[in-house]
Enquirer: 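The structure follows.
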Amino acid sequence: MSPPPPEHRDAVTLFVNAAQTVTCAGPGRARRGAEMQEAGVRSGVGVAVRGDRIVLVADDAELRGQFPDAVEVDCDRGVLAPGFVDSHTHTVFGRARYEEHELRATGVPYLEIAQRGGGIHASVRDLRARSDDELLSLAVPRLQALAAGGVTTVEIKSGYGLTVHDELRTLQVIARLAAAGPLNLVATCLGAHEVPLEFRERQGGRDAWIDCLVHELYPAVAAGELARFADVFCEPGVFTVPETRRLLEAAREHGMQLKLHADELHDGGAAVLAAELGATSADHLAAISPEGIAALAASPTVATLLPATMLFLGTGRQAPARAMIEAGAAIAVATDLNPGTSPLQSFPLVLTLAVSQLRLSASEAWIAGTVNGAAALGLAGITGQLREGFRADIAVHAADDFRALPYWFGERLCRVSWAGGRACHPFA
Ligand code: NIG
Ligand code: FE
């Protein structure tokens, strides 16, 4: 979609007639511990948008008084809120992996499927065989589905290419999706998603792949300005803590900020490493140790929890979110949209799982999906709040109470979402 014509850039749009407005307003940083209880729920309050910014958050009467010529979006007594920030996805991939879902149901564990050459490797074979245009057109409806649930910012990782060429291709597809808009996209280089089979099968191959990431992929990603973050799947059986440290230190030298897939299935000390490296986020954490919790609570690193993944894997476990909040950590939640462990395109369902599985309150779940999701992308001063000067990332939901979103699980309540002042649902 092309940007709005210049003559419309000064036009003001008012979002009015909401039953409740969840502002999430407060400091432009992650909320931790008890701060997560404050979602800033108000009534009679609307929002004025000019260009890509929120210019005023005030009572409807005041908005109309200040901007008498504005166009109005009628919230129809719904819930007006910041757009959700889906801070952990693998949206660019080829086919679904139905066979694995059933295999796990028979008792074969996730990491064993990968050991047998399935799992991530199956998606790698598939992605390598597809053209850029095909990958792009497969990703578009996934982003539209996220937007239809009220998401306005999405992080997307590479990680199914696992050659320098295919990783760069994936990141270029993400750049094309970002340029096309209207969603705000953030790219992450996950070249360290696995050791590719062709390297795994030869002697010294593991170190050769790590060398390739450090000396070839990261410099090329930096030269093309293709990713804001680098991520590593740090897990016993995938990348070790010393390997992850080497990879992330190299990525940082190339100007990337850091993320980790950390302590997802087994505690390997990855959360402690994330805190030590000053990573922007440590993600998954279902097997985090008490030391890991203490380290994250004492660091600025956001703990991003992915409850749909644990549900879909059928592990019967979830990250100890309450202990983490009580220790003072900042919790975000995200879909982890990917073909292996979380084929989920509904962000509101993550809010349901945040309450029912992670035992967050509705306010905590909203903060985890907005302000703290933004913080997990280094964007806490830009999006995730209805606040003057913030980007106009807005959603309207057909409900009279913000608690309806986690409550009516699987329901499609979002009526309108706008990213950077442009409609992303319904798609204009
Ligand atoms: O976040 N854990 C590693 N990566 C993904 C799954 C990737 C896959 O199985 O395709 C995750 O769950
Ligand atoms: Fe992931």
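First listed ligand is number 1; within each ligand, the first listed atom is number 1. Below, all heavy atoms of this structure are taken into account, side chains as well, without hydrogens, waters or symmetry copies.
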Enquirer: At less than 2.8 Å, would any N/O/S atom of Asp336, backbone or side chain, sit next to the Fe ion (ligand 2)?
Expert: yes
Enquirer: Is the count of non-hydrogen atoms from other residues, nucleotides or ligands lying under 6.0 Å from His215 atom NE2 greater than 12?
Expert: yes
Enquirer: Can you name the one residue among His88, Lys157, Glu235 that meets side chain to side chain donor-acceptor pair (under 3.5 Å) with His261?
Expert: His88
Enquirer: List the closest protein heavy-atom neighbour of atom 9 (O) of ligand 1: residue, atom name, distance to the nearest 0.1 Å.
Expert: Tyr110 OH, 2.5 Å
Enquirer: Quick one: the NE2 of His90, the Fe ion (ligand 2), NE2 of His261 angle, rounded to 10°, please.
Expert: 110°
Enquirer: Would you please say whether a donor-acceptor pair under 3.5 Å links the side chains of Arg97 and Ser123?
Expert: yes
Enquirer: What residue and atom, counting heavy atoms only, is the protein's closest point to atom 12 (O) of ligand 1, and at what distance?
Expert: Thr341 OG1, 2.7 Å
Enquirer: For Phe199, is the NZ or CZ atom of Arg202 found under 6.0 angstrom from the centre of its six-membered ring and inside 45 degrees of the ring axis?
Expert: yes
Enquirer: Would you give the length of the straight line joining atom CZ of Arg53 to atom CD1 of Ile382, rounded to the nearest 0.5 angstrom?
Expert: 7.0 Å
Enquirer: Does ligand 1 have any atom that is closer than 4.0 Å to a heavy atom of His284?
Expert: yes
Enquirer: Return yes when atom CD of Glu225 has more than 12 non-hydrogen atoms of other residues, nucleotides or ligands closer than 6.0 Å, and no otherwise.
Expert: no
Enquirer: Just which atoms of ligand 1 are under 4.0 Å from any heavy atom in Gly340?
Expert: 9 (O), 10 (O)
Enquirer: What protein heavy atom lies closest to atom 11 (C) of ligand 1? Include the residue and the distance to one decimal.
Expert: Asp336 OD2, 3.2 Å
Enquirer: Count the heavy atoms of every other residue, nucleotide or ligand shown that sit under 6.0 Å from CZ of Arg412, and state whether that count exceeds 12.
Expert: no
Enquirer: Using a 4.0 Å cutoff against the non-hydrogen atoms of His88, which atoms of ligand 1 qualify?
Expert: 1 (O)
Enquirer: A cation-pi test, strictly: NZ or CZ of Arg206 under 6.0 Å from the centre of the six-membered ring of Phe239 and no more than 45 degrees from its axis. Yes or no?
Expert: yes
Enquirer: Can you list the atoms of ligand 1 that are under 4.0 Å from a heavy atom of Arg97?
Expert: 8 (C), 9 (O), 10 (O)
Enquirer: Determine whether the side chain, the backbone, both or neither of Tyr160 has a heavy atom under 4.0 Å from any heavy atom of ligand 1.
Expert: side chain
Enquirer: At a non-hydrogen distance cut-off of under 4.0 Å, which region of His193 contacts ligand 1 (side chain, backbone, both, or neither)?
Expert: side chain
Enquirer: Considering non-hydrogen atoms of the protein only, which is the closest contact for atom 2 (N) of ligand 1, and what is the distance?
Expert: Glu264 OE1, 2.7 Å
Enquirer: Among all protein heavy atoms, pick out the one at the shortest distance from atom 3 (C) of ligand 1; state its residue, atom name and that distance to 0.1 Å.
Expert: Phe233 CE2, 3.3 Å
Enquirer: Please indicate whether any nitrogen or oxygen in Thr309 is less than 3.5 Å from any nitrogen or oxygen in ligand 1.
Expert: no
Enquirer: Start with the C-alpha gap between Phe84 and Phe347, add the side-chain angles, then the distance that decides, and say whether ring-ring contact (aromatic ring centres under 6.0 Å, His included) holds.
Expert: CA-CA 8 Å; Phe84 295 121; Phe347 201 91; 4.9 Å; yes
